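Source: prediction; values computed, not measured. These values consider heavy atoms only, across backbone and side chains, with no hydrogens, waters or symmetry-generated copies. Below, read A as the first sequence line, B as the second, and so on, with proteins coming before strands; counting in each chain starts at 1.
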2 protein chains.
Amino acid sequence: MPARVITLKELAASLDLSITTVSRALAGHQQIALKTRERVAQAARQAGYVPNTAARTLVSGRSGFVGLVLPIRGPNLVDSFLGEFVTGLGEGLVSHGADLILATAAEGQSELSVLRHVVESGRADGVVVTRIAEVDERLAYLRQRGFPFVAHGRLLDSDFAYNWLDTDGAHAFGEAFDMLYDLGHRHFGLVTISEPMTFRHLRQDGLAAAIARRGDPSVRLDVATAPRFDRGARIQALNKMLHGPERPTAIVALFDELALTVMEEAARAGLTVPRDLSVIGFDNVVASAYAPPGLTTFDASIRQCAREIADMLLTIIADRPAEPLTRLIRPTLVPRASHGPAPLTRS
Amino acid sequence: MPARVITLKELAASLDLSITTVSRALAGHQQIALKTRERVAQAARQAGYVPNTAARTLVSGRSGFVGLVLPIRGPNLVDSFLGEFVTGLGEGLVSHGADLILATAAEGQSELSVLRHVVESGRADGVVVTRIAEVDERLAYLRQRGFPFVAHGRLLDSDFAYNWLDTDGAHAFGEAFDMLYDLGHRHFGLVTISEPMTFRHLRQDGLAAAIARRGDPSVRLDVATAPRFDRGARIQALNKMLHGPERPTAIVALFDELALTVMEEAARAGLTVPRDLSVIGFDNVVASAYAPPGLTTFDASIRQCAREIADMLLTIIADRPAEPLTRLIRPTLVPRASHGPAPLTRS
DNA sequence: ACTCAAATTTAAAACGTTTGCAATTTCGCA
DNA sequence: TGCGAAATTGCAAACGTTTTAAATTTGAGT
């Protein structure tokens, strides 16, 4: 017995009122007599009336949805980022009665085309964009379209203003350097990726800036670069760094996954962390707590960030502020056991 | 210069055709002259025409969305389940042109009320339901409503038929027992939760069945139970098991998170895994690979399951099959280093 | 050139809501 | 009792699409 969904017309008929009046009563308009409003509310509740989203969207032009185009992911990429992120978005949205649409790019389809579809089909009132690339056509499109959005991440050349929330990776990497420097480290390694993501530059620049700020010419920085998803190449680049004539005493990884590889390879090379080598990551993934001896890293509280992004986006949709909204979140250091004083002697 | 979204009326006018013809041409109806169809397709592509979702939904009664009510999660629960699951759903949906709606329950709001809202507002053509409870009002509601859905998980008493996909936890736990028994273990521990989730019973029953099947009266099973999110209680129950006069030589945990706690507490108690104690989990979370010595567990390939759930649901929405669709997925053992032969002597 | 069927196109209704404007009711006050 | 303003309610259009039923055009056969 599939209970039929009740419509406004039916509800109105049952109350012997016009559709208009019922609609207004439910919307709480003052012009409707209080008594009527109560009567309608009561009947609606009792009948389990829920307004039809499509009809409402059609006439109001607002869908009550926020869109997120799922980042394309490798076949066996397992991390908690997405879960954290959508949970946070959901939490931020629900308090304003909004919901989330997740659109996936099909094989061979660009994220941009999915984004266009979401925007132009009127499915969403705004979108959030993650993993900003150096040259990001999605942002260009959204700007040109004048469509409400918030980016999780920043462009490098901010020659155009837009709404973003970002983790202050530059600050974190500066903090990591300072901490390691104070522990006596002078020879540093940076493990990074070759993809043109802006967060990579921001973090690396933060590290470089901290080094420059210190003004110590004896500080040395080696860099190992490999494609994000090419584990073999990563290990190779890493081992070159680890087995060179002189190896760094402290390695900073662009993010935890890389740092975990560093710790594995260090162990394989017979190095003890942190006695022979300090390692610091970024993201605070779950495995970082379990990988011995416990990875020192930075926590960016994705879920909280996502919640704020939702708030920002809803503000933008509702108020269309003239000035762009921006938030820079400082990640917190999670000190565990993978960093320590620089070894006194070196082989 | 926010480019206006083009409408069917405008497109029709620019082609000097009626709305009807353009609509049919785009839908590929044979009755429209081939030449016209091509002309329309060309113009639509060039003008970047995208049909309005709300209007289409309103008239067709199909939204092209599948709904998922986000499970309510603790404040700092970090896992990859949700990310895997929505990624898989997205992948399964996109090939049929469907998208995913994520609805979140607000503080103090039940999952059921959110589900009702999603269903009755016509936002979605079908929904997927996860984490089935022993008595699950969501399933009862959906059935009574006759609304298309697929459950990830099973009810215990299948007195009513419905569509589900489940991981064969019973089989896995039986497999774990057999393997450990063959390694000489006779005294087992089971670490479980107190929440009324059906997967708990299925797995426990699978273990019990395997024990019974073996018919060896010397086999002994201790059970430690604690609330899912109460880490303190969990540790307490665990230590009672670990520090009793006789402790198990092998512990099977309901899922990895519990197994990881077991390994931590074992280490704290001075036990070496797997020499003194074998541990087996379920889920294959990322941390399981990193937690020394590497947790032996079962992989349920959430992402793949979610993809199949999406396929099932779309079939149900399109064809309304008379018989319910069901799939039981056998998880694969991921042997790592946390299990081994039973110790010969016992303290 | 004429007929009739086939091919192609179109007008108009419908989906369920919101909202501008107009109609109706109520009520205080003369 | 009658008047007018204020309070309350309702009519009808609009949102952008799909679809039914009907109208128009085309073309083959005579």
Please tell me if [X] has a side-chain N or O lying less than 4.0 Å from either OP1 or OP2 of [N].
{"X": "A/T36", "N": "D/dT8", "result": "no"}
{"X": "A/T7", "N": "C/dG16", "result": "no"}
{"X": "B/Y49", "N": "D/dG16", "result": "no"}
{"X": "B/S18", "N": "C/dT9", "result": "no"}

Can you tell me how far [atom2] of [N] sits from [atom1] of [X], to the nearest Å?
{"X": "B/I19", "N": "C/dA11", "atom1": "CD1", "atom2": "P", "result": "9 Å"}
{"X": "A/N52", "N": "C/dT17", "atom1": "CG", "atom2": "P", "result": "6 Å"}
{"X": "A/R123", "N": "D/dT17", "atom1": "CZ", "atom2": "C1'", "result": "14 Å"}
{"X": "A/K35", "N": "D/dA7", "atom1": "NZ", "atom2": "P", "result": "17 Å"}
{"X": "A/R56", "N": "C/dC15", "atom1": "CZ", "atom2": "P", "result": "19 Å"}
{"X": "B/L8", "N": "D/dT17", "atom1": "CG", "atom2": "C1'", "result": "7 Å"}
{"X": "B/R62", "N": "D/dT18", "atom1": "CZ", "atom2": "P", "result": "14 Å"}
{"X": "A/K9", "N": "C/dA14", "atom1": "NZ", "atom2": "C1'", "result": "9 Å"}

- Query: With no hydrogens and no angle check, is any side-chain donor or acceptor of B/S121 less than 3.5 Å from a backbone partner on A/N52?
  - Reply: no
- Do B/T20 and D/dT19 have a side chain to base donor-acceptor pair shorter than 3.5 Å?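 Indeed, a donor on one side and an acceptor on the other fall under 3.5 Å apart.
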Base, sugar-phosphate, or nothing: which does [X] touch, judged by heavy atoms less than 4.0 Å apart?
{"X": "B/S60", "result": "nothing"}
{"X": "B/T57", "result": "nothing"}
{"X": "A/L17", "result": "sugar-phosphate"}

- Message: Which label fits B/H152 and B/F81: parallel for a plane angle under 30°, tilted from 30 to 60°, or perpendicular past 60°?
- Response: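 Taking B/F81 first and then B/H152, their aromatic rings lie parallel (interplane angle under 30°).
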- Message: Quick test of your reading of the model: are A/R303 and A/E84 salt-bridged, counting only N-O distances below 4.0 Å?
- Response: no
- Task: In plain terms, say whether B/R327 and B/D166 are close enough for a salt bridge, that is, a side-chain N and a carboxylate O under 4.0 Å apart.
- Result: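 No.
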Closest listed nucleotide, where the reference is the side chain of [X] and the choices are [options]:
{"X": "A/R24", "options": "D/dT17, C/dG16, C/dG20", "answer": "C/dG20"}
{"X": "B/Q31", "options": "D/dT17, D/dT9, C/dT9", "answer": "C/dT9"}
{"X": "B/V59", "options": "C/dT9, C/dA14, C/dT17", "answer": "C/dA14"}

- Within the 6.0 Å centroid threshold, strictly below: A/F160 and A/Y162: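 Close enough - the centres of the two rings lie under 6.0 Å apart.
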- First encountered from the 5' end of DNA chain C, between B/L34 and B/A55: B/L34
